[in-house]
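Encoded as structure tokens, the structure appears first; notes follow it.
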Amino acid sequence: MQQERAVSPADRFPMVVVERLVKRFGSFNALSDINLNVAKGEKIVLCGPSGSGKSTLIRCINHIEKHDSGRIVVDGIELTDRIGDINSVRCEVGMVFQSFNLFPHLSVVENCMLAPMKVRGLAQPEARDRAMVLLRKVRIQDQAKKYPAQLSGGQQQRVAIARALCMQPKIMLFDEPTSALDPEMVKEVLDTMVELAQDGMTMVCVTHEMGFAREVADRVVFMDRGSIVEEGDPSTFFRAPNTERAKAFLNQIIH
Amino acid sequence: MNSLDLSIIAQAWPYLWSGLLFSLSLTAAAFLVGMFLGTLLALVQHFELRILSPLVRSYVALMRSIPLILVLFWFFFLVPVVLGRLSGNGRPIPVGATYTAFITFGLFEAAYYSEIIRVGLRAVNKGQFEACQALALSTFDTYRHIVLPQVFRIASPIILSQTIILFQDTSLVYVLSLTDLLGAASKLAQLNGRLVEMYLAVAVVYLIISSAASQFVASLRKKYAIAGAHR
């Protein structure tokens with residue numbers, strides 16, 4: 001199989017190394033033989049049909065799903081079942097979910113303060129200051145005292161991004177962050193992600209937002225049935241995909 | 001029997017009031033002990049702790065299948081005997097009616113509250129656990145700050161309904177000759193012969209307190225139904 005490989009510094013400063021990764025759910029192979037390197041500062045967009053394993057892959061990167069074989073190394077630490085403190089890796093990996101998963105009983109600012117205080121050991125005033133800085137960054141500082149249920153979906157997702165950033169992670173994972181949103185709210189979330197990309201954050205995004213992929217991705221990785229079928233720089237991938245499966249997929253999401 | 005004499009209720013009120021205070025303090029103590037123990041019991045089952053979990057399940061099943069009045073009797077008559085055996089000299093060590101009541105109600109209610117909380121634990125969205133994992137929160141912090149507060153919130157109408165039942169059940173302590181609200185009324189009724197007035201008065205007090213609490217439960221349900229709709 002011919003793969004077009006974008007020039008990237010992935011092999012020099014790997015933030016995430018995935019080698020021969022296999023994940024099964026019972027007898028179903030969710031991921032088979034995945035190899036993927038993510039360099040520091042690199043932005044990767046994972047796309048593919050539903051059930052192709054893209055969400056499972058990023059959930060393996062912060063060990064929310066435990067892989068069956070192969071290696072995952074995040075920021076120099078290998079994820080294994082034997083690893084003593086998985087949380088030291090999770091501290092460095094922020095994650096944004098499709099369904100936001102904000103804490104409904106805590107206010108917006110409290111959502112952002114909890115983990116920095118409990119995990120990073122910040123004092124309350126510092127945690128509050130940091131939360132407010134990041135809420136301002138996602139332009140939602142005015143809603144800091146409200147509860148998640150009082151916000152729109154787009155606002156909630158921006159809070160979720162701020163909450164993850166409050167841990168000052170080295171890499172951010174996005175699991176279909178705009179799929180649960182009404183169309184008019186997609187842009188505000190994508191704009192926030194674009195800004196984050198421009199700040200130099202290392203990002204792995206599962207998304208079907210091809211405009212976003214074109215604008216920020218260093219590489220697009222196309223998955224199908226648990227394997228990486230094709231990867232390349234976005235302009236090449238979208239204009240002239242190599243594989244029939246990618247062509248079929250792109251036709252479907254464009255129409 | 002003479003016609004209804006409501007003035008007798010006013011005379012009896014101070015004594016009834018002291019009975020009511022006992023009922024309320026027994027309710028409050030059983031609520032606090034029951035909720036604390038019940039939460040622990042629910043967590044043991046939720047985490048499926050080896051050895052402990054089946055023990056807890058049997059305890060809860062046992063408590064839920066015998067009438068409270070029987071548990072009170074057992075505790076009152078059997079525990080002194082057991083304590084006596086354990087202490088070695090074989091003579092029963094009386095626990096006392098008041099202690100019996102407080103301990104029994106706490107232990108009994110713990111079984112009921114634990115079932116409510118156990119169901120509540122399963123109702124917390126899976127995404128909440130994943131968000132905690134992604135934020136590197138420890139299991140302790142996850143349950144302390146995220147999961148349990150939501151469980152208490154989800155389950156609060158059922159917890160309060162159970163507490164209203166508990167309040168009414170405190171009247172069973174009359175079998176231990178304790179003077180709760182109902183006990184006070186029945187003792188007075190025996191003295192002054194005004195059975196109708198006395199039992200009418202306490203019925204009204206039970207009615208007012210229980211229905212006020214039920215109203216509160218209904219308003220809670222409404223509030224969380226609205227909050228849930230926005231989610």
Side-chain angles (χ1 to χ4, degrees), chain A residues 55 58-59 61-66 85-106 110-121 146-153 155-156 159-169 171-175 180, chain B residues 35 38-39 42-43 46-48 50 113 116-160 216-217 219-231:
Chain A
S55 286
I58 68 166
R59 289 159 64 86
I61 294 176
N62 67 354
H63 217 52
I64 285 182
E65 299 286 359
K66 285 139 197 69
D85 192 4
I86 184 68
N87 284 342
S88 62
V89 170
R90 285 182 177 152
C91 278
E92 310 302 336
V93 182
M95 186 159 191
V96 175
F97 300 89
Q98 181 177 354
S99 50
F100 327 137
N101 295 347
L102 293 177
F103 304 133
H105 62 299
L106 299 180
E110 288 165 344
N111 261 277
C112 296
M113 290 164 63
L114 183 70
M117 287 167 63
K118 296 295 164 193
V119 180
R120 295 285 202 198
K146 288 195 180 166
Y147 285 84
Q150 297 169 287
L151 304 184
S152 72
Q155 290 174 320
Q156 289 191 50
V159 172
I161 294 172
R163 177 177 72 176
L165 291 176
C166 279
M167 288 294 281
Q168 301 187 327
I171 171 170
M172 285 284 286
L173 308 174
F174 291 86
D175 188 2
Chain B
M35 280 296 289
T39 304
L43 286 172
H46 185 70
F47 285 109
E48 293 174 1
R50 247 173 295 164
Y113 287 128
I116 296 170
I117 292 163
R118 196 172 62 84
V119 174
L121 283 167
R122 285 191 300 197
V124 174
N125 192 311
K126 192 168 112 288
Q128 295 288 306
F129 291 93
E130 291 181 355
C132 290
Q133 284 184 311
L135 288 167
L137 286 169
S138 66
T139 306
F140 179 81
D141 284 331
T142 298
Y143 279 83
R144 159 84 179 74
H145 295 286
I146 303 302
V147 177
L148 284 177
Q150 291 187 54
V151 169
F152 294 142
R153 189 170 286 221
I154 297 166
S156 61
I158 312 170
I159 290 170
L160 278 167
F216 181 61
V217 170
S219 71
L220 270 186
R221 268 187 215 281
K222 211 173 184 179
K223 187 177 152 198
Y224 289 136
I226 291 165
H230 278 291
R231 209 163 286 158

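Excluded from the calculations below are hydrogen atoms, water molecules and symmetry mates; all remaining heavy atoms, backbone and side chain alike, are included. Per chain, numbering begins at 1; letters A, B, ... match sequence-line order.
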Quiz item: Do A:Lys118 and B:Ser138 have side chains that get closer than 4.5 Å, going by heavy atoms?
Solution: no

Self-check item: Within 6.0 angstrom of B:Phe47 CZ, more than 12 heavy atoms from elsewhere
Solution: yes

Quiz item: Taking all atoms of both residues into account, what is the closest heavy-atom pair of A:Asn87 and B:Leu137, and its distance?
Solution: ND2-O, 4.0 Å

Quiz item: Non-hydrogen atoms of chain B under 4.5 Å away: do they reach the side chain of A:Val93, the backbone, both or neither?
Solution: backbone

Quiz item: Is a donor on one side and an acceptor on the other found under 3.5 Å between the side chain of A:Asn101 and the backbone of B:Gly127?
Solution: yes

Exercise. Check whether any side-chain heavy atom of B:Ile146 sits under 4.5 Å from a side-chain heavy atom of A:Leu114, and report yes or no.
Key: yes

Quiz item: From A:Glu65 CD over to B:Gln133 CD, what is the distance, rounded to the nearest 0.5 angstrom?
Solution: 9.0 Å

Exercise. Return yes if some donor-acceptor pair links the side-chain N/O of A:His105 with the main-chain N/O of B:His145 below 3.5 Å, else return no.
Key: yes

Self-check item: Toward chain B, the part of A:Phe97 with a non-hydrogen atom under 4.5 Å
Solution: side chain

Practice problem: Tell me, for A:Arg59 versus chain B, whether the close heavy atoms (under 4.5 Å) come from the side chain, the backbone, both or neither. | Solution: side chain

Practice problem: Check whether any side-chain N or O of B:Gln128 sits under 3.5 Å from a backbone N or O of A:Leu102 as a donor-acceptor pair, and report yes or no. | Solution: yes

